[in-house]
There are 2 protein chains.
Amino acid sequence: MARPARRPAASRADQEGPGLASVARLLADGTRATFCLALLDGRAWTPTELARHAGVAPSTATEHLNALVTGGLLAEERQGRHRYVRLADQQIAELIENLAAVAPPRPATAARTLSADNRRRALAHARTCYDHLAGQVGVAIADAMTARDLVDWNRGLHLTPAGEQWLADLAIAIPPTTKRPALRPCLDWTERRPHLAGAIGAALCAHALKAGWIRRVGTTRAVIVTPAGRELLGARLGLSEAVLTPDPH
Amino acid sequence: MARPARRPAASRADQEGPGLASVARLLADGTRATFCLALLDGRAWTPTELARHAGVAPSTATEHLNALVTGGLLAEERQGRHRYVRLADQQIAELIENLAAVAPPRPATAARTLSADNRRRALAHARTCYDHLAGQVGVAIADAMTARDLVDWNRGLHLTPAGEQWLADLAIAIPPTTKRPALRPCLDWTERRPHLAGAIGAALCAHALKAGWIRRVGTTRAVIVTPAGRELLGARLGLSEAVLTPDPH
DNA sequence: CGATCGCTTCGGCCGCCGCCGAAGTGACCG
DNA sequence: CGGTCACTTCGGCGGCGGCCGAAGCGATCG
């Protein structure tokens, strides 16, 4: 006698599972995961760039991107013969960060190649996380602002009056209230400690880039703190040179 | 000539992807996803219960549970010939809820069988989400507390003084401050709108169960509002009968 | 208007992994 | 101390899906 039908059909299909699983499956592939982590920089990438970044053929990248767009994780824009993809919205970005934060308790870190190790170290030092700052520097800023009573973690993370003044002194406008929370903790993927996200986290990061406190490294989402940035963050937040300088190991 | 090595090896393995992907892969299977959603009720289940719930053989359930435990998503406890599994911590629970919230824009809802449809409707009406209340009732409570200025969404979600008094009147103790946020919005998976989570959300739910405002339906995480609960929520929050009664359709 | 370029489609290969039933193990019960 | 029960291990099957290269297609550029 033939073995019974692979699945009792009714018993599974009407479960609540599939929705969740279909989203998770999109992130369950190493290549697609690499794409999504790259897109966490908040910018739009082309299929070719992503393919090169992940080390797969362009045709493979196309297939993955189609799946991610169809699944609602990515948004796309077509311009002439170019296609640009980016994360669909910041809810997706948060989801990916959360997922990464749950990941294995440190993969023992020993990277295969020297350049890979440098890249990894640069990302751990300072990077953008979608639209705000993360890494050792991002966490250090959050810590310093907490220590100076510029932000308060009781009753939800929020700016203190002193914090509002601090931003005003730097000529950073507080974004108008929208559905997006003004200030929100984001669990840092490398540090396992929270840094500042939300509209104000984003404004701070945008200002830091515009004012030249930090600069992107190549096309990655790693950033370095410029001399001007070091001076300013030292003066305004008491951050030490050591924290603001990439580990030269 | 043989085709080149499946993957250029170096180009991929040292990427940041795998960590994220390995976690996502655990949730990418329908059966494992069904397990995790069941475990969102915050209780410990046995492999046999989960196998029956998901419609698979016990041996299959064992394999999945081993994977989930090894991956850190579940915690287990052994007692004699029994094994109990539960979600590892509430960070995992949040991750799963977030993932479910991103899932497809409603699977057109038409359930296969009558009982499945009733189950679905009961869950959509009111359920526990790990350790707090969700569903139409959970969202309605959040809305009512907002309308009555018991909670404030500016500068992060938090209780107002009136909210503290309101809890005190009901003899609900505010849990001591810990690393866990006191009050936190949790995006509702069916309503797509936030309900109340965090330590206070959990305390409220625990109290509601203990005081008999709500009661679990069988062994699912669906709950119904008792007559006593209807009266109390009507009096204290102005919730209407209609909201508190499951859709009888 | 031919060459190029970025992206896509297609066919085919192959490994991974979810599934089951049968048999094994250890706890518990009468 | 035999029987039962919860759970586990194992072998084997079969499908899903990620990968590539070749070929196609439309936009753009000289």
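In what follows, chains carry the letters A, B, and so on, assigned in the order in which the sequence lines appear, proteins first and then strands, with residues in each chain numbered from 1.
Distances from the side chain of A:Arg32 to the nucleotides D:dT9, D:dG18, D:dG26 place D:dG18 closest. Closest contact between the side chain of B:Arg81 and the listed nucleotides D:dC29, C:dC28, D:dC19 involves C:dC28. Nearest nucleotide to the side chain of B:Ser59, out of D:dC29, D:dC19, C:dA22: C:dA22. Considering only side-chain atoms of A:Asn66, the nucleotide from D:dA6, C:dT9, D:dT8 that sits closest is C:dT9. Proximity note for B:Arg78 (side chain, C-beta onward) versus D:dT8, C:dC17, C:dT8: the nearest is D:dT8. The nucleotide whose nearest atom lies closest to any side-chain atom of B:Pro58 is, among D:dT8, C:dC20, C:dG18, D:dT8. When the nucleotides C:dC19, D:dA6, C:dC17 are ranked by their closest atom to the side chain of B:Arg25, C:dC17 comes out on top.
Between A:Asp41 and A:Arg127, the closest side-chain pair of non-hydrogen atoms is not below 4.5 Å. Using a 4.5 Å heavy-atom cutoff, the side chains of A:Asp29 and A:His64 are in contact.
The distance from the CG atom of A:Leu65 to the CG atom of A:Leu68 is 6.0 Å, given to the nearest 0.5 Å.
Taking only side-chain nitrogens and oxygens, B:His82 never comes nearer than 4.0 Å to OP1 or OP2 of D:dC5. Of the side-chain N and O atoms in B:Thr31, one or more sit less than 4.0 angstrom from OP1 or OP2 of C:dC19. Residue A:Thr60 has no polar side-chain atom (N or O) positioned under 4.0 Å from OP1 or OP2 of D:dG18. Applying the 4.0 Å criterion to OP1 and OP2 of C:dT8, one finds that A:Arg83 has a side-chain N or O inside that range.
Across the interface with DNA chain D, nearest-nucleotide mapping of A:Ala57 and A:Gln79 shows A:Ala57 to be the residue nearer the 5′ end.
Taking the six-membered ring where the residue is Trp, A:His195 and A:His132 present tilted rings, their angle falling between 30° and 60°.
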